[in-house]
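Here is the naming used below: chain letters follow the sequence lines, and residue numbers restart at 1 for every chain.
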Amino acid sequence: MMSKADKVFSLARRRGFFWPAYEIYGGVSGFYVWGPYGVLLKRKIRDLWRELFVYNLGFFEIDSPTISPYIVFEASGHVEGFKDVMVTCKSCGKKFRADTLLKEKGVEVEEGLKPEEYLDLINREGIKCPSCGGSLGDPDYFMTMFKTTIGPYSDAIGFLRPETAQGMFVEFKRIYEVFRKRFPIGIAQIGRGFRNEISPRQGVIRLREFDMMEVEYFFDPENDDQFDLDEYMDETLNILHEKLIREGGGEYETLTVKEILERGIVEHKSMLYFMVLAQRFLEILGIPKSRQRFREKLEGERAHYARKVFDQEVLLDKWGWVEVSGHADRTNYDLSRHAKYSGEEIAVERLLPEPKTVYIREAYPEPKKIKEQYPDKIGLVMKELSRYSPSELYKILDENGSIEVDDVKLDKSFFRIVEEEKRVTVEKFIPHVVEPSFGLDRITYAVLEYSYTERGDRVVLSLPAYIAPIEAAVYPLLDRDDLKGVAASIVRDLEMAGFRVFYDYGDSIGRLYARGDEIGIPVAFTVDLRSLNDDTVTVRDRDSWRQYRIEINRVVEFVERLVEGESFESIASSMGLESVD
RNA sequence: GCGGCCGUAGUCUAGUCUGGUAGGACGCCGGCCUGCCACGCCGGAGGACCCGGGUUCAAAUCCCGGCGGCCGCACCA
């Protein structure tokens with residue numbers, strides 16, 4: 001018995017939704033091609049996501065490079081966090097992380113040891129394979145980011161981004177300026193990410209190169225109420241939170257938004273808002289709420305940058321619960337790290353509830369005076385002094401009476417001293433970030449799996465009409481020039497209205513319908529001999545196979561209403577169409 | 001990366017154990033049938049049997065290596 005996944009993969013390959021890449025060279029796992037219909041389907045899903053998560057929320061999108069210099073992912077913590085030293089057992093072949101292996105044996109391990117150092121430790125402690133007792137091979141790095149070189153100099157190492165998020169963090173300062181310091185800010189990015197997975201084997205579910213749709217919502221954690229959850233208070237979510245998992249349950253509980261807030265399961269309102277939206281997004285795509293859940297990630301499962309994470313999961317036939325989006329509280333980790341590594345101040349201002357008085361005590365060097373006294377040293381002295389902030393300089397001068405740089409002793413007279421009281425009404429802080437992050441390829445696959453139905457021995461892809469890659473089909477009942485002429489003019493009408501139309505002929509009508517059903521075309525118009533006399537055609541529903549007679553000049557309206565979400569039967573009855581038996 | 005199973009026209013597959021240079025179905029092309037749910041009939045094209053090496057007079061078939069797939073282990077930050 002074929003699993004549903006196997007059937008979907010077979011259909012996808014046969015009809016051109018997706019297939020393994022580089023097939024003529026034997027294929028490379030982790031890389032897939034999205035074919036003609038797959039691209040159209042993905043685009044519709046992406047556009048719907050844009051409506052929900054970008055435009056409707058007043059957010060904007062950016063498009064940053066996929067390749068970054070080394071320092072970006074050093075700052076983000078990925079270089080450290082993505083690189084583990086692994087050892088492989090020589091006899092049973094199992095792989096272990098060197099650090100956890102040693103820690104389990106009670107050996108103290110420092111952070112960031114090199115493979116050779118691990119080798120010494122393993123030999124000294126006589127560590128054997130915990131699984132079979134065999135001897136262990138040489139430890140080696142395993143890094144899941146793709147590395148490349150930038151320009152012709154091999155020492156300029158670059159990385160292919162493992163997430164689009166860093167682009168939004170790195171560019172935050174400019175974005176903040178562009179929006180003239182409006183705050184909070186939501187930024188989205190849709191694009192490719194790259195992860196050099198060890199052994200991806202679930203087709204389009206685990207790719208080495210994949211499309212991500214991410215929002216970084218920058219906000220003030222002390223004032224997180226941009227989103228109004230009131231209208232969603234009674235909406236329910238299936239949630240498998242930490243407490244349930246710890247109590248040993250694999251079963252989620254269904255809670256209302258109100259309960260989730262009251263029990264503090266999700267702290268940030270914005271995060272919960274995105275989760276509710278994510279659930280609706282998938283429902284609109286045809287994946288019922290009952291097949292979705294949010295699973296909290298436990299301590300060890302979370303990425304290094306996240307304080308709290310809920311994965312939105314969808315129940316798939318073959319693989320069980322599979323993550324399709326992640327909702328992470330990234331705190332101010334990323335921005336503060338980039339601030340530190342770049343030396344730039346990355347902060348926004350917050351209005352204080354009460355103005356407060358601060359005492360400013362600063363010392364600014366006076367280059368002219370220093371130059372008069374030490375004309376030869378001025379350059380060096382100024383350079384050294386610039387290492388200190390004005391307030392640090394004040395402090396040193398205040399405590400020591402002078403400051404010594406490079407054999408030059410400068411007392412207060414070489415500085416302009418500022419001592420004043422100031423009323424401040426704002427304070428600076430580094431924004432916190434809540435991130436909903438979606439895997440477009442997985443979502444597209446899930447949509448295909450949930451749309452896949454069989455009718456007898458035929459396959460029908462019951463995609464919602466508003467995401468169907470092809471909106472309508474037009475067929476002549478018979479392979480005759482007069483009928484084909486009428487069909488061609490209906491095709492033109494629909495194309496002029498902006499629809500993609502599938503036109504086919506020459507085979508039996510059943511065969512034509514069957515092909516259209518497999519690529520999910522929601523509606524078909526068939527030109528027959530009667531059409532030549534009364535300018536009507538039959539309109540056929542993909543899912544029920546019901547047919548009505550419709551005037552040719554109303555065909556475009558019918559399709560328009562269908563892709564706006566109205567049901568086939570509702571349109572037929574409100575148009576007063578004659579049923580065909 | 002380890003273990004098990006697998007790789008034959010576009011697709012699914014028979015043949016592999018017991019070596020003798022490939023057969024079917026669907027699809028595709030042409031013709032008839034003018035038929036509203038993969039209609040029926042006739043004809044046709046399409047295959048160095050995943051790649052490389054070995055054994056043999058002879059390899060899709062046996063042996064070794066590689067690549068790829070599925071399942072399990074590990075991994076999935």
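Rounding to whole angstrom units, CD of residue Q202(A) and P of C71(B) are separated by 7 Å. Per the geometry, CH2 belonging to W545(A) stands 9 Å off P belonging to C37(B), to the nearest Å. Regarding L477(A), its CG atom lies at a distance of 6 Å from the C1' atom of C36(B), rounded to whole Å. Atom CG of L207(A) is separated from atom P of C76(B) by 18 Å (rounded to the nearest Å). Counting to the nearest Å, the P atom of C32(B) and the CZ atom of R480(A) are 15 Å from each other. G27(B) atom C1' lies 15 Å from atom CG of L512(A), rounded to whole Å. The distance between atom CG of D479(A) and atom P of G35(B), rounded to the nearest whole Å, is 14 Å. Distance CD1 (I509(A)) to P (C33(B)): 19 Å, rounded to an integer number of Å.
For the ring-ring contact (aromatic ring centres under 6.0 Å, His included) with Y475(A), the qualifying choice from Y505(A), Y503(A), Y513(A) is Y513(A), the only one to do so. Paired with F9(A) under the rule ring-ring contact (aromatic ring centres under 6.0 Å, His included), one option of F18(A), F17(A), W19(A) passes, and it is F18(A).
L41(A) has its side chain within reach of L448(A): a pair of non-hydrogen atoms, C-beta onward, lies under 4.5 Å apart.
Here P20(A) lies out of heavy-atom contact (under 4.0 Å) with every strand. If you check every strand for non-hydrogen atoms under 4.0 Å, D517(A) touches nothing. At the heavy-atom level, R542(A) lies nowhere under 4.0 Å from the strands shown. As judged by a 4.0 angstrom heavy-atom cut-off over every strand, R302(A) is placed among residues touching the sugar-phosphate backbone only. At the heavy-atom level, E518(A) lies under 4.0 Å from base atoms of the strands shown. Residue-level contact check: T538(A) touches the bases, meaning some heavy atom is under 4.0 Å from a base atom.
Of the candidate nucleotides A38(B), C36(B), C76(B), A38(B) has the atom nearest to the side chain of R515(A). Ranking C75(B), G68(B), A38(B) by closeness to the S29(A) side chain, first place goes to G68(B). Comparing atom distances between the R540(A) side chain and each of C39(B), C76(B), C37(B) picks out C37(B) as nearest. Here the nucleotide nearest the side chain of Q547(A), chosen from C37(B), G35(B), C39(B), is C37(B).
Straight-line distance between the P atoms of G3(B) and U8(B): roughly 23 Å, to the nearest whole Å. Using atom C1' as the reference point in both G54(B) and C73(B), the two lie 33 Å apart (nearest Å). When the C1' atom is used for both G66(B) and G31(B), the distance is 48 Å, rounded to whole Å. One P atom belongs to G19(B), the other to A58(B), and the distance between them is 15 Å to the nearest Å. C17(B) and C62(B) have their P atoms separated by 5 Å, given to the nearest Å. Comparing the P positions of C32(B) and C71(B) gives an interatomic distance of 48 Å, to the nearest angstrom. For the P atoms, the distance from G46(B) to A38(B) is 31 Å, rounded to whole Å. If you take atom C1' in A60(B) and the same atom in A14(B), they sit 12 Å apart, rounded to whole Å.
Across all their heavy atoms, I519(A) and L461(A) have their closest contact at C-CD2, 4.1 Å.
The side-chain tip of R206(A) does not point at the ring of W319(A) from less than 6.0 angstrom away and within 45° of straight on.
Position along RNA chain B of the nearest nucleotide to T526(A) versus D507(A) favours D507(A) as the more 5'-ward residue. The 5' end of RNA chain B is approached more closely, in terms of each residue's nearest nucleotide, by S10(A) than by the other of N196(A) and S10(A).
Put simply, the side chain of R14(A) and the base of C12(B) share no donor and acceptor less than 3.5 Å apart. For R511(A) against C39(B), a side-chain-to-base donor-acceptor contact under 3.5 Å is absent. One can find a donor-acceptor pair under 3.5 Å joining the base of C37(B) and the side-chain atoms of R458(A). With hydrogens and angles left out, the side chain of Y513(A) and the base of C36(B) share a donor-acceptor pair within 3.5 Å.
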Worksheet item: So S270(A) and H268(A), side-chain hydrogen bond (donor to acceptor under 3.5 Å, both in side chains) or not? Walk me through it.
Response: CA-CA 5 Å; S270(A) 47; H268(A) 292 304; 5.2 Å; no
Practice prompt. Apply salt bridge (charged side-chain N to carboxylate O under 4.0 Å, His left out) to the pair E449(A) and K4(A), showing each step before the final yes or no.
Written response: CA-CA 7 Å; E449(A) 188 175 301; K4(A) 207 163 181 187; 5.6 Å; no
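A sub-4.0 Å separation between OP1 or OP2 of C71(B) and a side-chain N or O of K318(A) is present.
Using the Watson-Crick or G-U wobble rule with both distances under 3.5 Å, C2(B) pairs with G72(B). In this structure, C39(B) forms no base pair with any nucleotide, since neither Watson-Crick nor G-U wobble geometry is met with both distances under 3.5 Å. Within the shown strands, G54(B) is the pairing partner of C62(B) under the Watson-Crick or G-U definition, both distances less than 3.5 Å. With both pairing distances under 3.5 Å, C49(B) is matched to nothing as a Watson-Crick or G-U wobble pair. Checking U21(B) for Watson-Crick or G-U wobble geometry (two distances, each under 3.5 Å) identifies no partner in any strand.
Here the side chain of R302(A) pairs a donor or acceptor atom with the backbone of K297(A) at under 3.5 angstrom.
With a glycosidic angle more than 90° from 0, A60(B) adopts the anti conformation.
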